[in-house]
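Only one structure is covered here, and it is reproduced in the block below.
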Amino acid sequence: MARAQNRFVCQACGSVHSKWAGRCDACGEWNTIAEEVTDGPAHAGSLAAKAGSGRVLSLESLAGASDPPPRLATGLQEFDRVCGGGLVPGTAFLIGGDPGIGKSTLLLQLSARLSATGDRVAYISGEEAIDQIRLRARRLGLDQAPVALAAATTVRDILATLDGSDPPARHLIIDSIQTMWSDALEAAPGTVSQVRACAQELIAFCKRRSMTLFLVGHVTKEGQLAGPRVLEHMVDTVLHFEGERTHHFRILRTVKNRFGPTDEIGVFEMTEAGLTEVANPSEMFLGERSGAVPGAAIFAGMEGSRPVVVEIQALVAPTPFGTPRRSVIGWDTSRLAMILAVLDTRCALTLGGSDIYLNVAGGLKISEPAADLAVAAALVSSHQGIALPRQAVVFGEISLSGEVRAVVHAAQRLKEAKKLGFTEAWTPPLKRGDRAQHKNTPDPSLTVETVDVIQALVEHISQLPPPR
Ligand code: TYD
Ligand code: MG
């Protein structure tokens with residue numbers, strides 16, 4: 001018989017070790033390995049012996065008629081957008097985000113919208129008492145929504161309740177998966193084994209009934225709670241809810257989606273009355289725009305299928321200390337280092353010895369290399385003390401050789417800029433398709449200024465009229 005055996009599991013990445021160690025070899029995190037009780041190793045031999053008694057599967061061909069999955073509009077358009085155009089019944093979602101970012105608020109609002117479609121929604125909180133949730137619902141003006149509420153942490157109880165509920169629930173919200181506990185395991189709630197076991201039970205239950213499942217997952221830097229990374233493989237769709245705590249804007253981003261595209265974003269604003277949807281993010285982000293000051297460049301970006309125009313602010317200042325400071329919000333630090341190196345090598349513009357602060361306005365996180373040219377423009381503008389024209393947008397990817405490369409969806413970026421009243425765009429040489437599309441648009445009010453190498457950018461900025 002299998003002997004109960006303890007194993008050591010990294011709480012950050014879920015890898016299993018034979019003995020305890022201070023650092024996980026697999027992910028390199030410190031102090032994340034914890035001891036967990038298991039039921040002993042599976043007998044490989046007995047599994048092989050059973051292979052002969054398996055059920056014979058019918059193998060199918062690739063060709064065949066399968067309808068696209070039906071989609072349910074949740075009533076929260078920004079949420080539907082990140083799902084790929086509405087909910088596919090039976091989807092298991094994982095919604096991750098920092099504590100306090102607004103996950104519970106979002107899901108409570110979503111449950112109210114879903115319950116308005118006539119579907120029964122069960123909202124199970126393992127974190128807050130019923131009264132707390134009621135208070136929040138009242139604050140959001142949702143206290144009359146027919147959402148079925150419970151404060152519980154035992155998966156067996158939750159499933160037993162849902163099994164007998166009449167009418168049956170169509171959507172289940174679990175806030176959060178780290179607080180759930182399955183009695184099939186001895187491990188403590190929040191450990192990787194518990195999180196995995198609870199998620200497995202909940203997902204299997206919901207799949208059998210074609211119920212949508214929303215699991216809230218915490219992300220902590222310390223890795224004290226099981227990072228939801230082990231869960232990402234188990235669910236169909238992973239959404240990240242992000243934003244700066246100091247800003248009102250919240251962005252829901254698709255990281256994985258079995259039923260739609262990834263990298264779509266939904267934009268919300270956190271207000272006194274909860275999250276409100278932002279249909280036109282560019283307008284909102286540009287609302288944060290500074291005046292005509294050196295160091296501000298407007299980037300025409302794309303987030304998924306949606307163009308987003310946003311300001312990038314840079315400040316290049318002399319270093320009061322020996323080591324220059326780098327502070328980057330909303331962009332990649334190593335990408336900044338690359339651009340500084342290119343400016344240094346190709347344009348003899350040495351910024352490396354200065355303090356550099358770089359900020360994407362509104363708390364948006366940009367991961368597109370297309371922002372390179374706008375970042376470079378903001379840096380050069382701040383360094384030279386010359387403001388960029390306020391009616392110009394900038395985009396383009398910078399290569400190590402200093403060339404400015406074409407980026408995807410150039411025509412769409414130009415269209416959005418035009419719509420917002422910009423009259424000038426600094427872009428890499430446009431691809432043929434984009435060029436044609438741009439020419440065909442009837443409104444000629446946007447001048448395209450081609451920047452093919454980074455030297456041309458620096459030259460162009462130095463020729464701008466100096467500040468008055
Ligand atoms: P919450 O949904 O509890 O975050 P999470 O579940 O991700 O931990 O939201 C927490 C923050 O949102 C809290 O700091 C207060 C703020 N908030 C508002 O600003 N307006 C509101 O209407 C609500 C409900 C919350
Ligand atoms: Mg919460």
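One-based numbering, in listed order, for ligands and for the atoms of each. Position 1 is the first residue of the sequence, and the numbers go up from there.
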* Can you tell me how far NZ of Lys103 sits from CG of Leu215, rounded to the nearest 0.5 angstrom? -> 13.0 Å
* Near the Mg ion (ligand 2), which protein N/O/S atoms fall under 2.8 Å? -> Ser104 OG
* Is Arg250 positioned over the aromatic face of Phe268, cation under 6.0 angstrom from the ring centre and no more than 45 degrees off axis? -> no
* Asked: Got the residues with a heavy atom under 4.0 Å of ligand 1, by chain and number?
  -> Asp98, Pro99, Gly100, Ile101, Gly102, Lys103, Ser104, Thr105, Arg136, Arg139, Leu140, Met270, Thr271, Glu272, Ala273, Gly274
* To do: Would you give the length of the straight line joining atom CZ of Phe285 to atom NE2 of His247, rounded to the nearest 0.5 angstrom?
  => 9.0 Å
* Euclidean distance, His409 NE2 relative to Glu416 CD, rounded to 0.5 Å -> 13.5 Å
* **Under 3.5 Å: donor-acceptor pair, side chain of Thr271, backbone of Gly274** => yes
* Asked: Between Phe214 and Tyr123, is the gap from one ring center to the other below 6.0 Å?
  -> no
Listing, residues 314-324 side-chain donor-acceptor contacts under 3.5 Å, not counting sequence neighbours, or none:
unit_1, atom_1, unit_2, atom_2, d
Thr319, OG1, Gly353, O, 2.9
Thr319, OG1, Asp355, N, 3.2
Thr319, OG1, Asp355, OD1, 3.1

* Asked: Does NZ or CZ of Arg209 come closer than 6.0 Å to the centre of the six-membered ring of Phe205, within 45° of the ring's axis?
  -> yes
* Who pairs with Glu264 by salt bridge (charged side-chain N to carboxylate O under 4.0 Å, His left out), at least two apart in sequence or on another chain? -> none
